[in-house]
2 protein chains.
Amino acid sequence: MREHRGMESIDTELAARIRQDIIMGVFEEGERLSEARLCDIYEVSRTPIRLALRLLERERIIRRGEGRGYIIYSPTVDDILQAVQVRGHLESLAARLMAQSETRAQSLPHMARAIENINAVLDAGNLGDAARREAQAANKIFHSTILTACGNDYVSFTCEQISHLPMLAAGSMVFDRSTSETQDHMERALFRLRLGNAQHQVIFEAIEKGDAVRAEGMMREHSHTMVDYIRTFERKDDSLTVADLIAYSGAEPVTFSG
Amino acid sequence: MREHRGMESIDTELAARIRQDIIMGVFEEGERLSEARLCDIYEVSRTPIRLALRLLERERIIRRGEGRGYIIYSPTVDDILQAVQVRGHLESLAARLMAQSETRAQSLPHMARAIENINAVLDAGNLGDAARREAQAANKIFHSTILTACGNDYVSFTCEQISHLPMLAAGSMVFDRSTSETQDHMERALFRLRLGNAQHQVIFEAIEKGDAVRAEGMMREHSHTMVDYIRTFERKDDSLTVADLIAYSGAEPVTFSG
DNA sequence: CAGCTTGATTTGGGATCCCAAAGTGATATT
DNA sequence: AATATCACTTTGGGATCCCAAATCAAGCTG
């Protein structure tokens, strides 16, 4: 599997635009998407729209409705849990492979800088929108660096694919954010961020010294932390912290209107 | 993620037909696929053909050529290695999840029967075409049972997706099979099958008694056996044993003309 | 004869057309 | 008034058309 990115399908771009809009909440949750309407919105004909819809269907972002048309998928907490579980498991493989890779040294600086950036946010102590975005971006860099540096293209490709659904969930949850933005939440978010970055540090050191077993084990623990966190939402009627989910999903840091 | 299979996209069917033909070697390795030609062959218009091609592109079975058109991907040994590595890693997750699942009991009989069937082949002692197919089918059942019984739909879906490339490789290698069909090869194939089924037995028992750690660990070892085996082909100029690869890829047992 | 240019043909992307199936609503019948 | 039936509308799947880009080939020029 040589280089793919950059000469992907053209209509992948359209799919990306639609996906982005879905995630950003342009359409209603569970809304029916008719091809004609999408044609109006994106100002293209039905052919490229249909190509894009098939791709989005494979990503589980949209579903086929009963009769005709697609509807936007409404992921359950369990859906997110499953997706994150798979992604985390693959990341532990990536950590092991990168620790065994001989060319890993050149990617280490990116990881180190990501850890530093998160530490800077932690030192500042408060988690405003800017700081949150900063931490998200750094977290994404940390994880995606491992995914690409592991040398197995299937890992990064699959992880990217599987991140779309958590992104959709994060997008639909962002509007509830303000209601749950209490001091208590902020404290807990900071705690999670601190714990997560400590794990980052251990993973970094393990990969640096080529300790594949420790790298994989620690990444697994890091992933379990996230899975356990999401699992709490199956019981409590709490609102998911979007920042974590988005950061974990490895998506680009996007600006939310809310 | 509720039930998907059964109401998939219609043109997924066309994609499956084309994929099957590609794997079966109907087209030349690295051949250019023009849409018009595919229209003639499958007697449909360009629209569904294009939809199918996009899906196959995502499966890495075909690639976009430099200028126009798609070409059939020629996977390297390293490609196969990577795909099998990811699949194996996900299977170890599946084994763990199934061991933790409360409804696992109802799927255990399928696994037990698969192990028995492979043992029957081993007892017979020779590995003719029929016996090989029998072992393949049983192996597929063993693995796919775990994938579906694990309860995480992403695992099975992703594994299925990622199996297409090894299938393509297996298909293109099937023609070399006769040249490498020596007594020595048969001996080794039998040895691998015996080893593999012993691992199956351990995995089965671990899942049965709910020992998630052991189930995952043994599945991991089972997967590493396969990865190590494939890795030998990077050094030696040997020809891959198709039966193992196909069985491991979890594909339907197909009949080869060769 | 080599290299460049230009015209013809292939080919893929997008738009439009046609049709069948499913949804919708109105009307007629009991 | 309730229900069943039928016409009308919506909508998605497939086929065809158009166009632009790219490939190929022949011819022209240095």
Side-chain angles (χ1 to χ4, degrees), chain A residues 2-22 26-74, chain B residues 2-22 26-74:
Chain A
R2 330 202 206 302
E3 195 52 50
H4 300 286
R5 262 30 79 91
M7 54 173 293
E8 290 251 325
S9 210
I10 309 296
D11 31 41
T12 304
E13 194 188 311
L14 179 61
R17 279 171 58 201
I18 299 178
R19 182 195 308 125
Q20 194 58 238
D21 285 347
I22 291 176
V26 172
F27 305 99
E28 296 292 317
E29 179 110 343
E31 184 176 356
R32 290 178 65 90
L33 295 177
S34 92
E35 294 181 357
R37 212 179 120 223
L38 293 172
C39 289
D40 287 342
I41 295 174
Y42 297 99
E43 290 173 327
V44 287
S45 111
R46 284 178 51 206
T47 313
I49 290 287
R50 283 169 57 188
L51 291 168
L53 288 178
R54 298 313 142 94
L55 295 175
L56 295 177
E57 183 188 13
R58 286 247 160 156
E59 296 172 5
R60 304 289 188 249
I61 282 186
I62 59 177
R63 287 174 54 100
R64 229 157 241 282
E66 301 314 315
R68 37 204 48 224
Y70 284 96
I71 56 177
I72 296 180
Y73 188 65
S74 311
Chain B
R2 332 202 205 300
E3 195 53 49
H4 300 286
R5 265 27 81 92
M7 54 175 293
E8 290 252 324
S9 210
I10 310 296
D11 31 42
T12 304
E13 195 189 309
L14 179 60
R17 279 170 59 200
I18 299 179
R19 182 196 307 124
Q20 193 58 238
D21 286 347
I22 290 176
V26 172
F27 306 100
E28 297 292 318
E29 178 110 344
E31 184 177 355
R32 289 179 65 90
L33 294 176
S34 93
E35 293 181 356
R37 212 177 120 225
L38 294 172
C39 290
D40 288 342
I41 296 174
Y42 297 99
E43 290 173 329
V44 288
S45 108
R46 284 178 52 205
T47 312
I49 290 287
R50 282 170 57 188
L51 290 168
L53 287 178
R54 298 312 143 94
L55 296 177
L56 295 178
E57 183 189 12
R58 287 245 160 156
E59 295 172 4
R60 302 290 187 250
I61 282 186
I62 60 178
R63 288 173 55 99
R64 230 157 240 281
E66 300 315 314
R68 33 205 50 225
Y70 284 96
I71 56 176
I72 297 181
Y73 188 64
S74 310

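In what follows, chains carry the letters A, B, and so on, assigned in the order in which the sequence lines appear, proteins first and then strands, with residues in each chain numbered from 1. Worth saying up front: this structure is predicted, and the values here are computed from it rather than measured.
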Whole Å only: how far is the [atom1] atom of [X] from the [atom2] atom of [N]?
| X | N | atom1 | atom2 | answer |
| --- | --- | --- | --- | --- |
| B:Leu14 | D:dG14 | CG | P | 8 Å |
| A:Glu13 | C:dG13 | CD | C1' | 13 Å |
| A:Ile49 | C:dG13 | CD1 | P | 16 Å |
| B:Leu33 | C:dT10 | CG | P | 18 Å |
| B:Leu53 | C:dG14 | CG | P | 14 Å |
| B:Arg64 | C:dT11 | CZ | C1' | 13 Å |
| B:Tyr70 | C:dT10 | OH | P | 22 Å |
| B:Arg54 | C:dG13 | CZ | C1' | 8 Å |

Handout entry: Any A:Thr47 side-chain N or O less than 4.0 Å from OP1/OP2 of C:dG14
Key = no
Exercise for the section: Can you check whether any acceptor in the base of C:dG13 is under 3.5 Å from a donor in the side chain of B:Arg46, or vice versa? Expected result: yes
Practice task
Please determine, for the side chain of B:Ser34, which listed nucleotide (C:dT11, C:dG14, D:dG14) has the closest atom?
Solution key: C:dT11
Problem - salt_bridge(A:Arg63, A:Glu57) N-O dist < 4.0 Å - result: no
Handout entry: Basic-acidic side-chain contact under 4.0 Å: A:Arg58, B:Glu59
Key = yes
Handout entry: Heavy-atom side-chain proximity of B:Phe27 to B:Ile72 below 4.5 angstrom
Key = yes
Problem - 5′-ward residue of the pair B:Arg50/B:Arg32 relative to DNA chain D - result: B:Arg50
Exercise for the section: Between B:Val44 and A:Glu35, just flag the one whose closest nucleotide in DNA chain D comes earlier from the 5' side. Expected result: A:Glu35
Practice task
Check the side chains of A:Arg54 and A:Tyr70 for a donor-acceptor pair under 3.5 angstrom, ignoring hydrogens and angles.
Solution key: yes
